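Accompanying notes for the structure given below.
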Amino acid sequence: HDCEIEDRVILANCALLAGHIFIGKGASISGGSAGHHFITIGRLAYVGGMSRMAQDVPPFMLLEGHPGRVRGVNVVGLRRAGIDEAGVDALQDAYRLIWRSEVPRQQTLASLRGGSATHALVTELVDALERSSTHPKGRYRESMKARFAQAGSERMSRSAHVR
């Protein structure tokens, strides 16, 4: 309920979405996957079959497992979407720095954001990861629960007056 699904999203059979989920353009969710309330699934992300999405899924990444973990860059999806090799390479470099190095994540994100040659796709990835870290459970949209509740009660109030 109240999920927002952008264009060109693929939802395979038995993909389960709880409430208030946002799915970015071109994301692909495989069969049997389940998304927790208030998560964001980023643009051109790929979620493997039978995966549990308890936290936000970063854009351009491949998530798989129970619990779901980022396993790499969605190279196939990026190429199908027409992303050039420079963008794919930049995302793969960022992936290695963020998920495979020993450097603390916040420090890595700051260095990626501060680089003058940072690719726009990497900036989008860094933005998404920083938003996710604003809520202790890794679900940015959960920090907006009060706003969703207010909008819902206003909608209900308007519909009650129409009758």
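Note that the structure is predicted; figures quoted are calculated from it, not measured.
Residue R69 holds its CZ atom at 10.5 Å from CD of Q55, rounded to the nearest 0.5 Å. The distance from the CD1 atom of I29 to the CD1 atom of I5 is 8.5 Å, given to the nearest 0.5 Å. Note that CZ of R139 and NZ of K137 are 5.5 Å apart. Values are rounded to the nearest 0.5 Å. If you take CD on Q107 and CG on L112, they are separated by 11.0 Å, rounding to the nearest 0.5 Å. How far CD of Q106 is from OG of S111: 11.0 Å, rounded to the nearest 0.5 Å. Taken to the nearest 0.5 Å, the CD1 atom of I10 stands 11.5 Å off from the CD1 atom of I23.
Both L97 and L129 belong to a common hydrophobic cluster when Ile, Leu, Val, Met, Phe, Trp and Tyr are linked at side-chain heavy-atom distances under 4.5 angstrom. Following chains of ILVMFWY side-chain contacts shorter than 4.5 Å, one can reach L63 starting from L17, so the two form part of one hydrophobic cluster. Put simply, M50 and L11 are part of two different groups of oily side chains (I, L, V, M, F, W, Y) that touch within less than 4.5 Å, one to the next. Hydrophobic clustering (ILVMFWY, side-chain heavy atoms < 4.5 Å, transitive): M61 and I83 are in one cluster. Neither M53 nor F38 shares a network with the other; the hydrophobic side chains, linked directly or stepwise wherever heavy atoms of I, L, V, M, F, W or Y lie under 4.5 Å apart, form separate groups for each.
Side-chain atoms of T108 come within 3.5 Å of backbone N or O of P104 as a donor-acceptor pair. Side-chain atoms of E6 come within 3.5 Å of backbone N or O of K25 as a donor-acceptor pair. Between the side chain of S51 and the backbone N or O of G65, at least one donor-acceptor pair lies under 3.5 Å. Between the side chain of H37 and the backbone N or O of G19, at least one donor-acceptor pair lies under 3.5 Å. Put simply, the side chain of D56 gets close to the backbone of T40: a donor and an acceptor are under 3.5 Å apart.
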Can you check side chain to side chain contact (heavy atoms under 4.5 Å, CB included) on V73 and L62, steps first, answer last? CA-CA 5 Å; V73 177; L62 189 145; over 6 Å; no
Step by step, work out the side chain to side chain contact (heavy atoms under 4.5 Å, CB included) result for E4 and R141. CA-CA 12 Å; E4 296 176 53; R141 291 175 66 84; 3.2 Å; yes
I'd like to know whether I41 forms a side chain to side chain contact (heavy atoms under 4.5 Å, CB included) with F22, so could you lay out the CA-CA distance, the side-chain angles of the two residues, the decisive distance to 0.1 Å, and finally the verdict. CA-CA 6 Å; I41 300 168; F22 176 84; over 6 Å; no
One pair to check against side chain to side chain contact (heavy atoms under 4.5 Å, CB included): R52 and S33. What are the steps and the verdict? CA-CA 6 Å; R52 182 180 72 173; S33 297; over 6 Å; no
Would S30 and Y46 count as a side chain to side chain donor-acceptor pair (under 3.5 Å) if you check the C-alpha gap in whole Å, the side-chain angles of each, and the deciding distance to 0.1 Å? CA-CA 8 Å; S30 296; Y46 177 87; 3.0 Å; yes
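Side-chain contact check for E85 versus L78: every heavy-atom pair is 4.5 Å or farther apart. A heavy-atom distance below 4.5 Å is found between the side chains of F60 and L91. Side-chain atoms of Y95 and P58, non-hydrogen and from C-beta on, never get closer than 4.5 Å to each other. I39 is not listed as a side-chain neighbour of Y140, based on a closest heavy-atom distance of 4.5 Å or more.
Residues G35 and I21 come closest through the heavy atom pair O-CD1, 3.6 Å. Considering every non-hydrogen atom in both L125 and A94, the closest pair reads CD2-CB, 4.3 Å. Scanning both residues, A18 and C3, for their nearest heavy atoms gives O-SG, 3.0 Å. Annotation for L44 and A81: closest pair CD2-CB, 3.7 Å, computed over non-hydrogen atoms.
Atom CZ of R96 sits in a crowded spot, with more than 12 heavy atoms from other residues, nucleotides or ligands closer than 6.0 Å.
In this structure, R105 does not pair ionically with E130, as no charged nitrogen and carboxylate oxygen lie closer than 4.0 Å. For the pair D127 and R113, the salt-bridge criterion is met [side-chain N within less than 4.0 Å of a carboxylate O]. A salt bridge is absent between R43 and D7: the closest approach of a Lys/Arg side-chain nitrogen to an acidic carboxylate oxygen does not fall below 4.0 angstrom.
Aromatic ring centres of F148 and H20: separated by under 6.0 Å.
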